[in-house]
Amino acid sequence: MTNPKPISQPSLARPAVSTSLSVSPTATFHSPPASSSFMASLAQRAAAKQLKPFNTEDIKILLLENVNQTGRDILSGQGYQVEFHKASLPEDQLIEKIRDVHVIGIRSKTKLTAKVLQEAKNLLVIGCFCIGTNQVDLEYAAKQGIAVFNSPFANSRSVAELVIAEIIALARQLGDRSNELHRGTWNKVSAKCWEVRGKTLGIVGYGHIGSQLSVLADAMGMNVIYYDVVSLMAIGTARQVPTLEALLGEADFVTLHVPETPETKNMLGAKQFEQMKNGSYLINASRGTVVDIPALIKAMRAGKVAGAALDVYPNEPAGNGDYFTTDLNPWAEELRGLNNIILTPHIGGSTEEAQRAIGIEVADALVRYINQGVTLGSVNLPEINMRQLTLDEPNHARIIYIHRNVPGVLRRVNEILGDHNVDKQISDSKGDIAYLMADVSDVRPEDIKEIRDSLDGLSSRILTRVLY
Ligand SMILES: NC(=O)C1=CN([C@@H]2O[C@H](COP(=O)(O)OP(=O)(O)OC[C@H]3O[C@@H](n4cnc5c(N)ncnc54)[C@H](O)[C@@H]3O)[C@@H](O)[C@H]2O)C=CC1
Ligand SMILES: O=C(O)C(=O)COP(=O)(O)O
């Protein structure tokens, strides 16, 4: 068997601006066995599935916010060092921790702002184990060559089911009746309690969640209307309306399923509550910033809004057991004092099914990115996919070059790669950032070093990685 040749590459750390994630000191080229019996070939193929581009145990991962066991198992199974926390961390502790890691996994609570990310000198990739990515400064991350992945729909059915439960619970004032009886009071009433059959549900944002909700509400005999910034195919008997105002004037139940953006901030404020039907209901399981809560409190006190269900808040506590105080949200006490309001602690996507699926989906994306540089599904980098190299292909290297999208880069890169046998090369850009992946064969360790040093020397470089 050919002796594996060590490649001298000092560390995984990113220098001040960006880094070469490359092969660690003890990493080796993978060479095939000299004798190749059928059994050896099978073993080789099996091993090929686990081809590791570098010492995976050098990769440090920080997982916050109780990322599901499925995801933790996949990451630990790769040999990465995984540090797990149940809650999110205060900003100062987050900055301290993020300095050291190559990967961070979060959910909706942890804010990865430019201030935090500029301290993350070694960070290669962020996994959002949820749908929303509003908590991450995606543009800043891309400019630092940090890829971001999420799970675009795995918890959407769970949110839709929660909203269905809330529609009926609000229409029947279930929360209030249950609370009364918990306190010992029998209060059997039918006044202002309704069936949902024949009522109109107004869905704001007809994406993954909104459209599934549409199907479920349709099946319960509700009329479904929706408003979205883009024109979307109606499902079942649903109907798109042209403006938010038109939706608010017609819906008995209004439910919000838009992302957090500057346009959706306080999308439901005093003016919009005025436009709603008297005695209608509001449900918000999108983001806390979408509803102006003091305006909602006013509308509920005035009887304009007969009930509300809130799952999300502008400022959410860091972890379970933390108190939902007026320090966090000044109107917290007033909200708690209202009738027919369901308050849940951001549990829309919190089911066993959703969390298990998200754990697998995002952890798999992280492994693909760390080990192979594949950006399929990334929300902030161009999506590049190339087949995984195997042990049948010794002395190959995969070059990843993340760079500013400026004229002349490809020519310069190809001047560097031109002396070698480039088997395949793909490049794509997204805004100011471009991502190039090239598989090069018949390369010796000294070639790798030369290629990496030359790419690192280009002024367009954000990050160079050499895998395998
Ligand atoms: N409560 C919870 O636990 C959960 C909350 N969410 C939140 O729900 C949001 C929606 O999720 P998905 O349906 O999966 O997203 P999606 O991206 O599939 O759909 C969002 C829809 O909103 C529309 N939209 C965007 N801006 C709009 C605007 N200004 N006015 C009207 N429509 C607009 C888009 O065109 C799109 O059709 C997520 O961004 C996330 O913030 C998601 C999962 C769980
Ligand atoms: O998926 C999302 O965007 C959610 O809001 C769910 O967030 P969570 O994973 O429960 O922090």
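Whatever order the structure lists them in is the order used to number ligands and atoms, beginning at 1. Just the heavy atoms: all of them, side chains too, but no hydrogens, waters or symmetry mates, feed the values below.
Among all non-hydrogen protein atoms, the one lying nearest atom 4 (C) of ligand 2 is His346 NE2, 3.5 Å. In terms of protein heavy-atom proximity, atom 11 (O) of ligand 2 is closest to Ser108 OG, 2.6 Å. Counting protein heavy atoms only, atom 24 (N) of ligand 1 is closest to Val229 CG2, 3.7 Å. With respect to atom 10 (O) of ligand 2, the closest heavy atom belonging to the protein is Arg107 NH2, 3.0 Å.
Listed by number with element, the atoms of ligand 2 under 4.0 Å from a non-hydrogen atom of Gly132 are 1 (O), 2 (C), 3 (O). Short contacts between ligand 1 and Val159, defined as distances under 4.0 Å to a heavy atom of the residue, involve ligand atoms 4 (C), 43 (C), 44 (C). Atoms of ligand 1 found under 4.0 Å from any heavy atom of Met267, numbered from 1 in the order shown, are 28 (C), 30 (N), 31 (C).
Only the side chain of Arg287 comes within 4.0 Å of ligand 2, judged by heavy-atom distances. Neither the backbone nor the side chain of Val312 comes within contact range of ligand 2; no heavy atom lies under 4.0 Å. Using a 4.0 Å cut-off between heavy atoms, Asn155 contacts ligand 1 through its side chain alone, with no backbone atom that close.
For a threshold of 3.5 Å applied to N or O pairs, the pair formed by Leu232 and ligand 1 contains no separation below that value.
Under a 4.0 angstrom heavy-atom cut-off, Cys130 registers as being in contact with ligand 2.
Within a 4.0 Å radius of atom 14 (O) of ligand 1, the protein contributes one or more non-hydrogen atoms.
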